[in-house]
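Quick note: numbers below take in every heavy atom, side chains included, and nothing from hydrogens, waters or symmetry partners.
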Amino acid sequence: FSLSTLAEQSGKLKLAESAVRMALILKPDWLEAKAKLASLLHLQGETADALETLKKALDTNSDSKVLRLSYARLLVEAKKLDAARVQFELLAEQAPNNEDILYARGILALQPEDYDAAEHYMTQLAGKSKHGLEAAYYLGQIAEEREQPLKAIRWYSEIRRGEYAFDAQIRMASLQSKQGDTDGALNRLQNIVPRGEAQQVRLYMVEGDVLRAAERYEDAMALYNRALKKLPENNDLLYARALMAEKVSRLDILIADLQMVLKTEPDNAHALYALGYTLAD
(Lines give C-alpha, C1' and ligand atoms only; values in the text may rest on other atoms or scores of the structure.)
Protein backbone atom coordinates (compact mmCIF):
# COMPACT_ATOMS: atom_id res chain seq x y z
CA PHE A 1 0.00 0.00 0.00
CA SER A 2 2.89 2.35 0.79
CA LEU A 3 4.50 1.47 -2.53
CA SER A 4 1.23 2.32 -4.27
CA THR A 5 1.09 5.71 -2.54
CA LEU A 6 4.69 6.52 -3.50
CA ALA A 7 4.23 5.32 -7.07
CA GLU A 8 1.10 7.48 -7.45
CA GLN A 9 2.98 10.54 -6.18
CA SER A 10 5.73 9.78 -8.72
CA GLY A 11 3.25 9.56 -11.59
CA LYS A 12 3.73 5.80 -12.06
CA LEU A 13 0.05 4.96 -12.07
CA LYS A 14 0.31 1.42 -13.47
CA LEU A 15 2.77 0.47 -10.74
CA ALA A 16 0.53 2.14 -8.16
CA GLU A 17 -2.46 0.15 -9.39
CA SER A 18 -0.51 -3.12 -9.42
CA ALA A 19 0.74 -2.56 -5.87
CA VAL A 20 -2.65 -1.73 -4.40
CA ARG A 21 -4.18 -4.76 -6.13
CA MET A 22 -1.53 -6.92 -4.46
CA ALA A 23 -2.39 -5.28 -1.12
CA LEU A 24 -6.02 -6.28 -1.66
CA ILE A 25 -5.03 -9.87 -2.41
CA LEU A 26 -3.26 -9.97 0.95
CA LYS A 27 -6.04 -8.09 2.76
CA PRO A 28 -9.26 -8.31 0.70
CA ASP A 29 -11.47 -6.28 3.07
CA TRP A 30 -9.20 -3.23 3.30
CA LEU A 31 -11.60 -0.38 2.51
CA GLU A 32 -8.91 2.29 2.18
CA ALA A 33 -7.14 0.15 -0.42
CA LYS A 34 -10.37 -0.30 -2.36
CA ALA A 35 -10.91 3.46 -2.37
CA LYS A 36 -7.33 3.98 -3.56
CA LEU A 37 -7.78 1.46 -6.36
CA ALA A 38 -10.87 3.30 -7.57
CA SER A 39 -9.02 6.62 -7.45
CA LEU A 40 -6.13 5.20 -9.47
CA LEU A 41 -8.48 3.76 -12.09
CA HIS A 42 -10.17 7.14 -12.40
CA LEU A 43 -6.82 8.93 -12.78
CA GLN A 44 -6.06 6.62 -15.71
CA GLY A 45 -9.35 7.43 -17.40
CA GLU A 46 -11.06 4.16 -16.39
CA THR A 47 -13.91 5.87 -14.55
CA ALA A 48 -16.51 3.16 -15.28
CA ASP A 49 -14.26 0.51 -13.69
CA ALA A 50 -13.59 2.85 -10.77
CA LEU A 51 -17.33 3.25 -10.17
CA GLU A 52 -17.89 -0.50 -10.37
CA THR A 53 -15.06 -1.09 -7.88
CA LEU A 54 -16.65 1.27 -5.35
CA LYS A 55 -20.17 -0.08 -5.96
CA LYS A 56 -19.06 -3.66 -5.27
CA ALA A 57 -17.24 -2.53 -2.13
CA LEU A 58 -20.38 -0.74 -0.92
CA ASP A 59 -22.52 -3.82 -1.53
CA THR A 60 -20.68 -5.55 1.32
CA ASN A 61 -19.78 -2.43 3.36
CA SER A 62 -22.90 -0.29 3.16
CA ASP A 63 -22.09 1.56 6.40
CA SER A 64 -18.73 2.85 5.19
CA LYS A 65 -18.96 6.63 4.90
CA VAL A 66 -15.49 6.74 3.31
CA LEU A 67 -16.51 4.45 0.46
CA ARG A 68 -19.88 6.08 -0.03
CA LEU A 69 -18.40 9.57 -0.14
CA SER A 70 -15.78 8.45 -2.67
CA TYR A 71 -18.51 6.80 -4.74
CA ALA A 72 -20.76 9.87 -4.60
CA ARG A 73 -17.96 12.24 -5.61
CA LEU A 74 -16.92 10.01 -8.49
CA LEU A 75 -20.53 9.84 -9.69
CA VAL A 76 -20.53 13.63 -9.81
CA GLU A 77 -17.34 13.67 -11.88
CA ALA A 78 -18.88 11.07 -14.20
CA LYS A 79 -21.94 13.35 -14.58
CA LYS A 80 -24.26 10.73 -13.07
CA LEU A 81 -25.93 13.39 -10.98
CA ASP A 82 -29.17 11.62 -10.01
CA ALA A 83 -27.25 8.60 -8.72
CA ALA A 84 -24.87 10.92 -6.88
CA ARG A 85 -27.75 12.73 -5.21
CA VAL A 86 -29.08 9.42 -3.84
CA GLN A 87 -25.68 8.65 -2.32
CA PHE A 88 -25.39 12.08 -0.73
CA GLU A 89 -28.86 11.76 0.79
CA LEU A 90 -27.86 8.43 2.34
CA LEU A 91 -24.75 10.08 3.76
CA ALA A 92 -26.80 12.90 5.25
CA GLU A 93 -29.00 10.36 7.05
CA GLN A 94 -25.98 8.50 8.42
CA ALA A 95 -24.19 11.49 9.93
CA PRO A 96 -25.84 14.87 9.44
CA ASN A 97 -23.38 16.94 11.50
CA ASN A 98 -19.89 15.88 10.49
CA GLU A 99 -17.56 17.57 8.03
CA ASP A 100 -18.07 14.91 5.38
CA ILE A 101 -21.79 15.56 5.33
CA LEU A 102 -21.33 19.32 5.35
CA TYR A 103 -19.17 18.84 2.30
CA ALA A 104 -21.81 16.57 0.75
CA ARG A 105 -24.47 19.22 1.25
CA GLY A 106 -22.25 21.72 -0.49
CA ILE A 107 -21.89 19.34 -3.44
CA LEU A 108 -25.65 18.77 -3.51
CA ALA A 109 -26.28 22.49 -3.59
CA LEU A 110 -24.03 22.83 -6.63
CA GLN A 111 -26.12 20.49 -8.75
CA PRO A 112 -29.21 22.72 -9.01
CA GLU A 113 -26.78 25.69 -9.20
CA ASP A 114 -27.78 26.98 -5.76
CA TYR A 115 -24.48 28.81 -5.45
CA ASP A 116 -25.44 30.77 -2.34
CA ALA A 117 -26.08 27.57 -0.37
CA ALA A 118 -23.02 25.86 -1.82
CA GLU A 119 -20.81 28.80 -0.91
CA HIS A 120 -22.28 28.80 2.62
CA TYR A 121 -21.32 25.16 3.19
CA MET A 122 -17.96 25.26 1.45
CA THR A 123 -16.80 28.43 3.16
CA GLN A 124 -17.24 26.68 6.50
CA LEU A 125 -14.90 23.93 5.32
CA ALA A 126 -12.25 26.08 3.61
CA GLY A 127 -8.98 26.41 5.48
CA LYS A 128 -7.93 23.80 8.01
CA SER A 129 -10.74 21.25 7.75
CA LYS A 130 -10.00 17.90 6.17
CA HIS A 131 -12.04 19.01 3.17
CA GLY A 132 -10.33 22.38 2.97
CA LEU A 133 -8.66 21.73 -0.39
CA GLU A 134 -11.82 20.40 -2.00
CA ALA A 135 -13.83 23.30 -0.59
CA ALA A 136 -11.34 25.78 -2.05
CA TYR A 137 -11.65 24.06 -5.42
CA TYR A 138 -15.45 24.31 -5.47
CA LEU A 139 -15.38 27.88 -4.18
CA GLY A 140 -13.14 28.62 -7.14
CA GLN A 141 -15.70 27.03 -9.45
CA ILE A 142 -18.49 29.08 -7.88
CA ALA A 143 -16.47 32.26 -8.44
CA GLU A 144 -15.94 31.24 -12.07
CA GLU A 145 -19.68 30.74 -12.56
CA ARG A 146 -20.24 34.21 -11.10
CA GLU A 147 -17.63 35.62 -13.51
CA GLN A 148 -15.27 36.59 -10.70
CA PRO A 149 -11.95 35.41 -12.17
CA LEU A 150 -9.63 37.02 -9.62
CA LYS A 151 -11.59 35.53 -6.74
CA ALA A 152 -11.53 32.14 -8.47
CA ILE A 153 -7.75 32.32 -8.90
CA ARG A 154 -7.32 33.19 -5.21
CA TRP A 155 -9.25 30.08 -4.21
CA TYR A 156 -7.45 27.82 -6.69
CA SER A 157 -4.06 29.13 -5.56
CA GLU A 158 -4.68 27.58 -2.12
CA ILE A 159 -4.64 24.07 -3.65
CA ARG A 160 -0.99 23.02 -3.83
CA ARG A 161 -1.42 19.29 -3.26
CA GLY A 162 -4.03 16.54 -3.42
CA GLU A 163 -6.21 15.25 -6.20
CA TYR A 164 -7.57 18.69 -7.14
CA ALA A 165 -4.15 20.34 -7.52
CA PHE A 166 -3.82 19.46 -11.21
CA ASP A 167 -7.28 20.74 -12.13
CA ALA A 168 -6.74 23.89 -10.06
CA GLN A 169 -3.55 24.72 -11.95
CA ILE A 170 -5.28 24.07 -15.29
CA ARG A 171 -8.19 26.32 -14.34
CA MET A 172 -5.88 29.12 -13.20
CA ALA A 173 -4.05 28.96 -16.53
CA SER A 174 -7.33 29.13 -18.44
CA LEU A 175 -8.47 32.13 -16.39
CA GLN A 176 -5.15 33.89 -16.97
CA SER A 177 -5.53 33.28 -20.69
CA LYS A 178 -9.04 34.72 -20.74
CA GLN A 179 -7.70 37.87 -19.06
CA GLY A 180 -5.06 38.26 -21.75
CA ASP A 181 -2.10 36.98 -19.72
CA THR A 182 -0.97 34.47 -22.34
CA ASP A 183 2.64 34.24 -21.18
CA GLY A 184 1.58 33.75 -17.56
CA ALA A 185 -0.85 31.00 -18.57
CA LEU A 186 1.77 29.21 -20.68
CA ASN A 187 4.38 29.48 -17.94
CA ARG A 188 1.98 27.95 -15.43
CA LEU A 189 1.09 25.07 -17.76
CA GLN A 190 4.73 24.33 -18.55
CA ASN A 191 5.53 24.02 -14.85
CA ILE A 192 2.84 21.41 -14.19
CA VAL A 193 4.15 17.84 -13.85
CA PRO A 194 1.46 15.49 -15.26
CA ARG A 195 0.68 12.13 -13.71
CA GLY A 196 -0.01 9.71 -16.50
CA GLU A 197 -0.92 10.02 -20.16
CA ALA A 198 -4.42 11.40 -19.61
CA GLN A 199 -3.09 14.42 -17.73
CA GLN A 200 -0.31 14.90 -20.28
CA VAL A 201 -2.85 15.01 -23.12
CA ARG A 202 -5.00 17.46 -21.21
CA LEU A 203 -2.01 19.73 -20.67
CA TYR A 204 -1.29 19.74 -24.40
CA MET A 205 -4.93 20.48 -25.18
CA VAL A 206 -5.19 23.39 -22.75
CA GLU A 207 -1.89 24.85 -23.92
CA GLY A 208 -3.19 24.63 -27.48
CA ASP A 209 -6.38 26.45 -26.45
CA VAL A 210 -4.32 29.22 -24.85
CA LEU A 211 -2.26 29.65 -28.03
CA ARG A 212 -5.40 29.59 -30.19
CA ALA A 213 -7.01 32.31 -28.05
CA ALA A 214 -3.88 34.44 -28.54
CA GLU A 215 -4.01 33.73 -32.30
CA ARG A 216 -0.56 32.14 -32.12
CA TYR A 217 -1.52 29.48 -34.60
CA GLU A 218 1.96 28.51 -35.76
CA ASP A 219 3.06 28.02 -32.14
CA ALA A 220 -0.01 25.85 -31.55
CA MET A 221 0.82 23.71 -34.59
CA ALA A 222 4.39 23.28 -33.31
CA LEU A 223 2.99 22.22 -29.94
CA TYR A 224 0.67 19.60 -31.47
CA ASN A 225 3.49 18.33 -33.69
CA ARG A 226 5.67 17.75 -30.62
CA ALA A 227 2.80 16.15 -28.75
CA LEU A 228 2.01 13.74 -31.59
CA LYS A 229 5.63 12.65 -31.81
CA LYS A 230 5.21 11.38 -28.25
CA LEU A 231 1.62 10.15 -28.65
CA PRO A 232 1.18 9.54 -32.39
CA GLU A 233 -2.15 7.73 -32.18
CA ASN A 234 -3.98 9.98 -29.74
CA ASN A 235 -7.24 11.01 -31.38
CA ASP A 236 -7.80 14.06 -29.20
CA LEU A 237 -4.46 15.50 -30.29
CA LEU A 238 -5.03 14.56 -33.92
CA TYR A 239 -8.42 16.28 -33.93
CA ALA A 240 -6.99 19.38 -32.23
CA ARG A 241 -4.14 19.60 -34.74
CA ALA A 242 -6.61 19.15 -37.60
CA LEU A 243 -8.63 22.16 -36.48
CA MET A 244 -5.48 24.21 -36.00
CA ALA A 245 -4.19 23.20 -39.46
CA GLU A 246 -7.10 25.08 -41.02
CA LYS A 247 -5.83 28.27 -39.34
CA VAL A 248 -2.43 27.93 -41.04
CA SER A 249 -3.82 26.88 -44.44
CA ARG A 250 -2.58 23.28 -44.17
CA LEU A 251 -5.65 21.46 -45.41
CA ASP A 252 -3.49 18.44 -46.25
CA ILE A 253 -2.73 17.99 -42.54
CA LEU A 254 -6.35 18.69 -41.60
CA ILE A 255 -7.69 15.99 -43.93
CA ALA A 256 -4.99 13.45 -43.04
CA ASP A 257 -5.48 13.89 -39.29
CA LEU A 258 -9.27 13.61 -39.50
CA GLN A 259 -8.99 10.50 -41.65
CA MET A 260 -6.61 9.02 -39.05
CA VAL A 261 -9.16 9.70 -36.31
CA LEU A 262 -11.90 8.05 -38.36
CA LYS A 263 -9.82 4.88 -38.84
CA THR A 264 -10.25 4.04 -35.17
CA GLU A 265 -13.44 6.03 -34.49
CA PRO A 266 -15.52 5.74 -37.68
CA ASP A 267 -18.60 7.19 -35.97
CA ASN A 268 -16.85 10.22 -34.47
CA ALA A 269 -19.44 12.88 -35.29
CA HIS A 270 -17.09 15.85 -34.80
CA ALA A 271 -14.45 14.39 -37.11
CA LEU A 272 -17.04 13.42 -39.73
CA TYR A 273 -18.57 16.88 -39.70
CA ALA A 274 -15.22 18.68 -39.87
CA LEU A 275 -13.96 16.46 -42.69
CA GLY A 276 -17.22 16.68 -44.67
CA TYR A 277 -17.38 20.44 -44.25
CA THR A 278 -13.76 20.84 -45.37
CA LEU A 279 -14.18 18.65 -48.43
CA ALA A 280 -17.41 20.44 -49.42
CA ASP A 281 -15.80 23.84 -48.93
Side-chain angles (χ1 to χ4, degrees), residues 1-58 61 64-80 84 87 99-100 103 107 125 128-138 140-141 156-173 188-207 227 230-231 234 236-237:
F1 187 85
S2 296
L3 172 60
S4 175
T5 300
L6 183 59
E8 179 184 358
Q9 292 170 349
S10 302
K12 300 176 180 177
L13 300 184
K14 286 296 183 185
L15 174 59
E17 179 188 343
S18 175
V20 80
R21 286 188 185 278
M22 180 59 71
L24 283 166
I25 290 172
L26 298 170
K27 191 175 180 181
D29 296 328
W30 195 354
L31 300 186
E32 188 176 1
K34 291 180 180 181
K36 178 179 279 294
L37 174 59
S39 175
L40 288 165
L41 290 170
H42 176 56
L43 284 172
Q44 295 175 86
E46 300 173 26
T47 303
D49 289 342
L51 286 169
E52 185 62 23
T53 296
L54 288 171
K55 184 176 184 299
K56 286 181 178 178
L58 276 170
N61 301 277
S64 171
K65 291 191 289 292
V66 172
L67 285 177
R68 195 170 298 282
L69 185 58
S70 296
Y71 185 46
R73 286 171 57 188
L74 193 55
L75 284 167
V76 171
E77 292 189 31
K79 309 299 182 186
K80 299 178 181 294
Q87 297 302 317
E99 288 184 355
D100 292 341
Y103 174 77
I107 295 292
L125 293 168
K128 295 183 179 179
S129 81
K130 64 181 179 179
H131 290 299
L133 297 177
E134 295 99 317
Y137 178 78
Y138 285 114
Q141 285 195 324
Y156 290 141
S157 67
E158 294 189 11
I159 309 168
R160 297 185 178 90
R161 57 183 174 80
E163 64 178 293
Y164 287 96
F166 178 81
D167 276 346
Q169 291 292 321
I170 290 285
R171 285 180 175 274
M172 279 194 284
R188 183 178 298 281
L189 291 169
Q190 289 159 8
N191 281 291
I192 298 174
V193 179
R195 293 193 296 176
E197 183 178 315
Q199 287 191 356
Q200 180 65 77
V201 170
R202 189 173 174 203
L203 270 179
Y204 286 136
M205 299 292 285
V206 174
E207 188 173 349
K230 294 182 179 179
L231 301 166
N234 185 277
D236 289 333
L237 292 172

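The main-chain N or O of V66 is found under 3.5 Å from a side-chain atom of S70 such that the two form a donor-acceptor pair. Between the side chain of Y156 and the backbone N or O of Q141 there is at least one donor-acceptor pair closer than 3.5 Å. The main-chain N or O of H131 is found under 3.5 Å from a side-chain atom of S129 such that the two form a donor-acceptor pair.
Take K14 and apply the side-chain contact (heavy atoms from CB on, under 4.5 Å) test, not counting sequence neighbours, and it matches E17, Q44, E46. With sequence neighbours excluded, no residue forms a side-chain hydrogen bond (donor to acceptor under 3.5 Å, both in side chains) with D29. A135 pairs by the side-chain contact (heavy atoms from CB on, under 4.5 Å) definition with M122, L125, A126, not counting sequence neighbours. Shown here are the side-chain contact (heavy atoms from CB on, under 4.5 Å) partners of N61, two or more places apart in sequence or in another chain: L31, K34, S64, L67. The side-chain hydrogen bond (donor to acceptor under 3.5 Å, both in side chains) search around Y138 returns Y164, not counting sequence neighbours. Residues that satisfy the side-chain hydrogen bond (donor to acceptor under 3.5 Å, both in side chains) test with R68, not counting sequence neighbours, are Q87. A search for salt bridge (charged side-chain N to carboxylate O under 4.0 Å, His left out) contacts involving D49 returns nothing, not counting sequence neighbours. Take T5 and apply the side-chain contact (heavy atoms from CB on, under 4.5 Å) test, not counting sequence neighbours, and it matches F1, Q9, K36. Partners of R171 according to the salt bridge (charged side-chain N to carboxylate O under 4.0 Å, His left out) rule, which considers only residues two or more places apart in sequence or in another chain, are E144. Taking the side-chain hydrogen bond (donor to acceptor under 3.5 Å, both in side chains) definition, one finds that T47 meets it with H42, sequence neighbours left out. Listed by chain and residue number, nothing satisfies the ring-ring contact (aromatic ring centres under 6.0 Å, His included) test with Y204 (two or more places apart in sequence, or in another chain).
When all heavy atoms of W30 and L24 are compared, the pair lying nearest together is O-CD2, 3.7 Å. Nearest heavy atom pair, residue V20 against residue A33, reads CG2-O, 3.5 Å. In terms of heavy atoms, G196 sits closest to L13 at CA-CD1, 4.1 Å. In terms of heavy atoms, L231 sits closest to V201 at CD1-CG2, 3.6 Å. Shortest non-hydrogen contact noted between L51 and A78 is CD1-CB, 4.0 Å. A pairwise comparison of heavy atoms in A50 and A38 identifies CB-O, 3.2 Å as the closest pair.
Sorted by first and then second residue, the salt bridge (charged side-chain N to carboxylate O under 4.0 Å, His left out) pairs involving residues 128-137 (not counting sequence neighbours) are R73-E134, D100-K130.
Side-chain contact between Q199 and L43 is present, with heavy atoms from C-beta onward closer than 4.5 Å.
In this structure, CE on M22 lies 4.5 Å from CD1 on I25, to the nearest 0.5 angstrom. Between L75 atom CG and I107 atom CD1 the span is 12.0 Å, to the nearest 0.5 Å. Between the CD atom of E207 and the CZ atom of R188 there is a distance of 13.5 Å, given to the nearest 0.5 Å. Atom CG of L74 is separated from atom NZ of K55 by 14.0 Å, given to the nearest 0.5 angstrom. The OG atom of S4 lies 13.0 Å from the NZ atom of K12; values are rounded to the nearest 0.5 Å. Distance CG/L203 to CD1/I170: 4.5 Å, rounded to 0.5 Å.
By the 6.0 Å contact criterion, CD on E197 is open, its count of non-hydrogen atoms from other residues, nucleotides or ligands being 12 or less.
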